[in-house]
Novice: 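Before anything else, here's the structure in question.
Every heavy atom of this structure was used, including side-chain atoms; hydrogens, water molecules and symmetry mates were not. Every value quoted in this text rests on a predicted model; they were computed, and no experiment measured them.
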Amino acid sequence: MAYFLDLFTPETWLAFRKQGGTVSGFRERQLAAARDRIKPGDILLCYLVRLSRWCGALEIKSPAFTDSTPIFSDPDPLIVRFKVKPLVLLNLEQSPPMLDAKVWDNLEETKGITKGSRGWGVNFRGSLRSISPADGEFPQQLLEKQRETQTVYPLTERDQRHLVVKRKVQTLTGQVEVEIPEKGDDQDELAEH
């Protein structure tokens, strides 16, 4: 068993859960990595970009496959997919924040780094990035405990802003919804979903 990062925006997390939480998707450019590195039994640790929170753990149940049936948007760019078994699925407010001391101080990736310093999220920029066993086991155990305790981590003002920063723009092929970060917000993570 190996651990891999699975990035979601708040919107794609809600879409994933609405479709039953049984299929996770990735961009076409990730097909080779998905087929070569990810195996049934591996664990995807779900991370919410823009909110910097751990929100779920999924067990891979199938080899990678392609399917363009809309799940996350229409048209759906996340056509490289896995069937998954949800181990933990948390609501936004129950998802432990990365900047919480019990998370930040216990991950090898962030231990010893000043909390929230610029550039800290470089290792949280791409889905299907391999996570070390220690840094995989800790969030999985944290998420499993959180599933039982349901501790509430209220959304901050910053979190609230990141939930509503959407604009529709006209393109040659029609209207599309885009996300525009607020000026001054340091967003180190890039969403795959």
Novice: Measure up the Trp13 and Phe8 rings against each other and bin them: parallel (under 30°), tilted (30 to 60°), perpendicular (over 60°).
Specialist: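 Perpendicular.
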Novice: What residues, two or more places apart in sequence or in another chain, satisfy side chain to side chain contact (heavy atoms under 4.5 Å, CB included) together with Pro86?
Specialist: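 Expected list: Leu58, Leu89.
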Novice: Got more than 12 heavy atoms from elsewhere within 6.0 Å of NZ, Lys85?
Specialist: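 At most 12 heavy atoms, drawn from other residues, nucleotides or ligands, come within 6.0 Å of this atom.
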Novice: Measure across Leu143 and Pro96 and return the closest heavy-atom pair with its distance rounded to 0.1 Å.
Specialist: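 Minimum heavy-atom contact is CD2-CD, 4.2 Å.
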Novice: Check this for me: Glu28, atom CD, are more than 12 non-hydrogen atoms of other residues, nucleotides or ligands nearer than 6.0 Å?
Specialist: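 Not buried by this count: 12 neighbours or fewer within 6.0 Å.
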Novice: Enumerate, atom names and distances included, each donor-acceptor pair closer than 3.5 Å involving a side-chain atom of residues 97-105, sequence neighbours excluded.
Specialist:
from	atom 1	to	atom 2	distance (Å)
Asp100	OD1	Lys102	N	3.0
Lys102	NZ	Tyr153	OH	2.8
Trp104	NE1	Thr110	O	3.4
Trp104	NE1	Ile113	O	2.9

Novice: Counting N and O atoms only, with roles assigned by atom type, does the side chain of Gln94 sit under 3.5 Å from a partner on the main chain of Gln146, one being a donor and the other an acceptor?
Specialist: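 No, the answer is negative, given that no donor and acceptor are paired below the 3.5 Å cut-off.
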Novice: Check step by step if side-chain contact (heavy atoms from CB on, under 4.5 Å) holds for Trp54 and Ser95.
Specialist: CA-CA 5 Å; Trp54 294 99; Ser95 298; 5.9 Å; no
Novice: Taking atom NZ as the centre, does Lys111 end up with more than 12 heavy-atom neighbours from other residues, nucleotides or ligands that are less than 6.0 angstrom away?
Specialist: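 For Lys111, atom NZ is crowded (more than 12 foreign heavy atoms under 6.0 Å).
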Novice: Is there a donor-acceptor pair under 3.5 Å between the side chain of Asp76 and the backbone N or O of Ile71?
Specialist: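 Yes, Asp76 side chain to Ile71 backbone: donor-acceptor pair under 3.5 Å.
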Novice: So which pairs with a foot in residues 144-157 pass salt bridge (charged side-chain N to carboxylate O under 4.0 Å, His left out), sequence neighbours left out?
Specialist: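 Not a single pair qualifies under salt bridge (charged side-chain N to carboxylate O under 4.0 Å, His left out).
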Novice: Using the rule given for side-chain contact (heavy atoms from CB on, under 4.5 Å), can you reason through Phe26 versus Leu44, listing the C-alpha separation, both sets of side-chain angles and the distance that settles it, and then say yes or no?
Specialist: CA-CA 12 Å; Phe26 304 90; Leu44 296 174; 4.1 Å; yes
Novice: Evaluate side-chain contact (heavy atoms from CB on, under 4.5 Å) for Val84 paired with Ile60, printing each intermediate quantity in order.
Specialist: CA-CA 5 Å; Val84 295; Ile60 299 288; 4.1 Å; yes
Novice: Is a donor on one side and an acceptor on the other found under 3.5 Å between the side chain of Arg53 and the backbone of Leu92?
Specialist: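 Yes; at least one donor-acceptor contact below 3.5 Å.
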Novice: With no hydrogens and no angle check, is any side-chain donor or acceptor of Gln19 less than 3.5 Å from a backbone partner on Phe16?
Specialist: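 A pair under 3.5 Å: yes.
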Novice: Does any N or O in the side chain of Asp135 come within less than 3.5 Å of the main-chain N or O of Leu107, such that one atom is a donor and the other an acceptor?
Specialist: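 No, the answer is negative, given that no donor and acceptor are paired below the 3.5 Å cut-off.
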Novice: I'd like to know if the side chain of Ser24 and the backbone of Phe82 have a donor-acceptor N/O pair within less than 3.5 Å.
Specialist: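 It does not hold such a pair.
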Novice: Out of Gln140, Glu137, Arg129, which residue meets the side chain to side chain donor-acceptor pair (under 3.5 Å) rule with Tyr3?
Specialist: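 The residue from Gln140, Glu137, Arg129 that satisfies side chain to side chain donor-acceptor pair (under 3.5 Å) with Tyr3 turns out to be Gln140.
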Novice: Would you say the side-chain atoms of Thr12 pair up with the backbone N or O of Phe72, donor to acceptor, closer than 3.5 Å?
Specialist: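 No, Thr12 side chain to Phe72 backbone: no donor-acceptor pair under 3.5 Å.
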